[in-house]
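The basis for the numbers below is simple: all heavy atoms, side chains too, and nothing from hydrogens, waters or symmetry mates. To find a chain, count down the sequence lines: A is the first, B the second, and so on, and within it residues start at 1.
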Amino acid sequence: MARPLTKRKDGSLYTRPKRVEEQLDEALELPLPDLRLRLRVRSDANPAYLCSETLVHLMREALRSDRQLEFEAAFRVLIGRCERLLKARIPDAELRNAEAIRDEVLSQLSELFVRDKLEAEFDRLDYYECRFNAAFRRLYLTLLRRQRKREERETVPAATSDDGTPTSVDDVLDALAYAHQKREGPPDPRLHRAIQLANRLPHNERQAFVLCTLLRFKQSSKDPNETTAASLIGVSDRTIRSRLKNAEQRLQRMLEET
Amino acid sequence: MSPNPAPPPTSLEDALYALSLESERLDASILDAFVRRYPCYARELTDFAVELAIDTLRFPNEQVDLADDEEIASPAVQRAVSHFQNRLYEETQKSRSATLKAAQNPFQELPFDEVGPLLDKLSINNVFFMKLRDRQIEPDTIPAAFIEEAAAELPVSVPVLSEHFNAPQDLVAAPQRYKADGKPRADLRQTFSDAVQSSSLTDEQVRRLLSL
């Protein structure tokens with residue numbers, strides 16, 4: 001049985017998904033040659049596939065007992081998966097220094113394992129044993145946002161022909177709202193372009209836009225106890241309305257330019 | 001929703017990770033709950049939620065498989081592996097140096113003119129003294145009676161002397177103390193018994209030490 005996690009949420013310990021626990025029951029007993037074979041399984045559809053959460057636990061255990069070969073075998077596969085994921089999310093076409101950012105994210109992930117090995121109380125990798133890719137967002141989104149600010153969202157690649165192109169601000173809002181509410185099914189062809197446009201907005205306008213249109217916060221409220229976009233950002237009702245209006249006007253201009 | 005303040009030790013990093021794990025169902029109520037729970041991080045949580053909302057829209061399917069023919073030894077993977085190895089080495093060395101600095105060496109700190117009297121009191125010779133000083137003896141094989149006796153004569157406490165014997169060897173493996181061309185290997189230690197028998201001690205000294 002795998003060592004329990006120690007990170008807590010609302011006083012209760014985080015737990016791994018059942019699938020991960022089941023994989024660990026088996027994988028923790030595997031000798032190195034068998035583990036290497038399992039690591040070669042590349043498709044999640046294959047029952048022998050070891051998911052990333054499982055790999056994190058195996059690596060932590062290997063580090064604890066100084067089993068360097070086992071650690072490195074799993075580490076290479078995990079980093080390979082992360083690199084593939086990052087290439088899709090931080091593509092060279094969308095950002096300058098994309099490769100450097102991807103490298104930095106992978107270095108930061110490696111750093112978590114260094115700390116896990118050296119610091120007795122360090123348990124941040126517990127998040128990665130629960131839901132690896134969700135936790136991984138924490139790493140790359142921070143670096144991505146920093147880079148976007150640096151580049152001031154000055155370049156946006158042209159939409160490809162099969163992306164679909166929203167023609168109005170309402171189209172952009174529809175595409176985003178559809179994707180936010182309905183995560184299953186075929187993707188809206190307008191979505192990719194709508195996200196690109198939203199990402200081009202200046203920080204303040206983008207923040208107001210996402211809070212109100214995607215997360216569905218009210219712009220303002222007479223109830224002082226109600227959380228609104230204005231109270232979250234710490235600005236007046238008038239400011240949030242102005243930022244939203246500016247965002248919509250800017251989106252319209254961007255649509256007309258393309 | 002009533003405010004439900006979090007216990008203080010939660011770090012910003014933990015709050016952001018916890019929010020990440022909610023990314024697929026992120027909406028106003030989830031962010032609201034987080035901001036009420038961690039009011040001191042409201043701004044950071046809000047900023048991060050905006051990024052999370054957009055990213056989750058764009059990449060809702062979290063599953064990432066490697067392609068069958070994908071090379072896991074790509075330059076980026078190699079760089080990450082090297083980064084890990086270098087950082088681990090760096091940190092291990094730092095911690096090792098700290099340990100070395102922290103561990104006293106009561107034999108090394110002994111004034112020169114007090115070495116001779118100590119050899120007489122412990123009934124050992126200079127060769128055996130150097131083995132003790134340079135941690136060339138497996139600490140687990142040194143009899144407790146000898147440690148107590150040596151501690152009393154140095155004088156230091158038994159725990160300090162035990163810590164000295166248990167510290168890594170290379171603290172005192174300075175090359176200038178050795179006539180040989182090569183530096184002594186730090187990973188080879190003798191048992192107490194072997195050290196006694198290979199130090200040119202007199203038969204009486206050997207008998208005494210082995211009887212402890």
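- D27(B) and S29(B) share a side-chain donor-acceptor pair at under 3.5 Å.
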**Request:** Decide yes or no on ring pair (Phe, Tyr, Trp, His ring centres under 6.0 Å) for F84(B) and F71(A), but give the supporting numbers first.
**Result:** CA-CA 11 Å; F84(B) 172 81; F71(A) 171 81; 4.6 Å; yes

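- By number of non-hydrogen pairs under 4.5 angstrom with chain B, the leading residue of L106(A), L144(A), I195(A), L141(A) is L141(A).
- Of the listed residues L21(B), T92(B), I30(B), the one with more heavy-atom pairs under 4.5 angstrom with chain A than any other is L21(B).
- Using a 4.0 Å cut-off between a side-chain N of Lys or Arg and a carboxylate O of Asp or Glu, R189(B) and D194(B) do not qualify as a salt bridge.
- The greatest number of non-hydrogen atom pairs below 4.5 Å with chain B, out of V41(A), L109(A), I233(A), V210(A), is found for V210(A).
- Residue with the most contacts toward chain B among Q207(A), K117(A), R124(A): R124(A) (heavy-atom pairs, distance under 4.5 Å).
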**Prompt:** Does the side-chain hydrogen bond (donor to acceptor under 3.5 Å, both in side chains) test come out yes or no for S52(A) and R81(A), once each step is laid out?
**Reply:** CA-CA 8 Å; S52(A) 298; R81(A) 287 179 193 173; 3.1 Å; yes

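- Only the side chain of K7(A) comes within less than 4.5 Å of a heavy atom of chain B; its backbone N, CA, C and O stay farther away.
- Top candidate by heavy-atom pairs under 4.5 Å with chain B, chosen from F209(A), Y14(A), Y128(A), is Y128(A).
- The two residues L211(A) and A229(A) have their closest heavy-atom pair at CB-CB, 4.2 Å.
- Heavy-atom pairs under 4.5 Å with chain B were tallied for R115(A), K9(A), R138(A), E72(A); the largest tally goes to R138(A).
- The greatest number of non-hydrogen atom pairs below 4.5 Å with chain A, out of L45(B), L52(B), D47(B), is found for D47(B).
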